Student: 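Structure below; questions to follow.
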Amino acid sequence: VMIQKTGLATWSGGLQKGAGTISTQSGALKGQAFGFASRFEDKLETNPEELIGAAHAGCYSMFLSALMGGAGITPKSIETTSTVTLDPSTAGSPTVVRAHLVTKIVADADETKLIALAQAAKSGCPISRLMRAEVSLEVMVG
């Protein structure tokens with residue numbers, strides 16, 4: 001059975017002066033404000049890239065924990081940051097060009113083994129794979 005989770009965004013107005021909100025199915029985010037200034041400048045509201053970064057870091061940490069468990073290793077902690085880079089000068093439209101993971105693992109295990117598992121988790125985590133996924137679209141007008 002496929003698992004589906006939903007995010008919702010609403011937007012009103014033009015690009016630079018408009019405003020939007022982002023919500024999640026679970027209610028963890030409900031009506032969180034975002035806009036041009038929080039995405040392309042330094043306004044303290046959320047934005048799609050930081051949300052992708054948070055999702056990527058969480059997914060990666062969980063997937064690494066699963067790989068470690070399969071190797072008989074129980075982590076004391078895994079702390080991961082995903083920095084998502086948006087290039088606003090890309091020809092045609094701004095483009096997410098990179099996601100950089102930094103992870104700190106605390107576990108009673110061989111360092112070489114932990115590094116190998118961390119590398120495997122990078123390419124295997126579902127959000128890392130999402131970056132290469134098919135994107136489909138359904139449009140309703142009116």
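Because the structure is a prediction, the values reported are computed rather than measured.
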Student: What closest approach, in Å, do Thr95 and Ser93 show between heavy atoms, and which atom pair accounts for it?
Tutor: OG1-O, 3.1 Å
Student: Give the C-alpha distance, both sets of side-chain angles, the deciding distance and a yes or no for salt bridge (Lys or Arg N to Asp or Glu O under 4.0 Å) between Lys43 and Glu41.
Tutor: CA-CA 6 Å; Lys43 186 170 184 184; Glu41 298 168 4; over 6 Å; no
Student: Would you compute the distance between atom OG1 of Thr46 and atom CD of Gln32 and round it to the nearest 0.5 angstrom?
Tutor: 7.0 Å
Student: Consider only side-chain heavy atoms of I, L, V, M, F, W and Y, link residues closer than 4.5 Å, and tell whether Phe40 and Leu51 are in one cluster.
Tutor: no
Student: What's the shortest heavy-atom distance between Gly31 and Ser23, and which atoms?
Tutor: N-OG, 2.8 Å
Student: Could you tell me whether a side-chain N or O of Ser128 sits under 3.5 Å from a main-chain N or O of Gly124, the two making a donor and an acceptor?
Tutor: no
Student: Determine the minimum heavy-atom distance between Tyr60 and Lys122, stating which atoms define it.
Tutor: CE1-N, 3.4 Å
Student: Answer yes or no: are there more than 12 heavy-atom neighbours, outside Leu15 itself, under 6.0 Å from its atom CG?
Tutor: yes
Student: Going only through I, L, V, M, F, W and Y residues with side-chain contacts under 4.5 Å, is there a path from Ile52 to Leu29?
Tutor: no
Student: Which one of Thr103, Ile105, Val102, Leu64 satisfies the side chain to side chain contact (heavy atoms under 4.5 Å, CB included) criterion with Thr80?
Tutor: Thr103
Student: Has Arg98 got more than 12 heavy atoms of other residues, nucleotides or ligands less than 6.0 Å from its CZ?
Tutor: no
Student: Taking the side chain as every heavy atom from C-beta outward, state whether Leu130 and Ile127 have any pair of such atoms under 4.5 Å apart.
Tutor: yes
Student: Out of curiosity, Thr21 OG1 to Lys30 NZ, how far, rounded to the nearest 0.5 Å?
Tutor: 11.0 Å
Student: Show the nearest heavy-atom pair for residues Thr74 and Ala107, with the distance to one decimal.
Tutor: O-CB, 4.3 Å
Student: Check whether any side-chain heavy atom of His56 sits under 4.5 Å from a side-chain heavy atom of Cys125, and report yes or no.
Tutor: yes
Student: Out of curiosity, does Met131 fall in the hydrophobic cluster containing Val96 (side-chain heavy atoms, cut-off under 4.5 Å, transitive links)?
Tutor: yes
Student: Quick check for you: to the nearest 0.5 Å, what is the distance between Lys104 atom NZ and Thr81 atom OG1?
Tutor: 11.5 Å
Student: Is there a path of hydrophobic side-chain contacts, each under 4.5 Å between heavy atoms, that joins Phe63 and Leu101?
Tutor: yes
Student: Does the side chain of Leu114 reach to within under 4.5 Å of the side chain of Met68, using non-hydrogen atoms?
Tutor: yes
Student: If every non-hydrogen atom of Gln4 is compared with every non-hydrogen atom of Gln25, which pair is closest and at what distance?
Tutor: O-OE1, 3.9 Å
Student: Mark yes or no for whether Asn47, through its side chain, and Ser38, through its backbone, hold a donor-acceptor pair below 3.5 Å.
Tutor: yes
Student: Out of curiosity, does Phe34 fall in the hydrophobic cluster containing Phe36 (side-chain heavy atoms, cut-off under 4.5 Å, transitive links)?
Tutor: no
Student: Does anything in residues 75-86 pair up under salt bridge (charged side-chain N to carboxylate O under 4.0 Å, His left out), and if so which pairs, sequence neighbours excluded?
Tutor: Lys76-Asp108
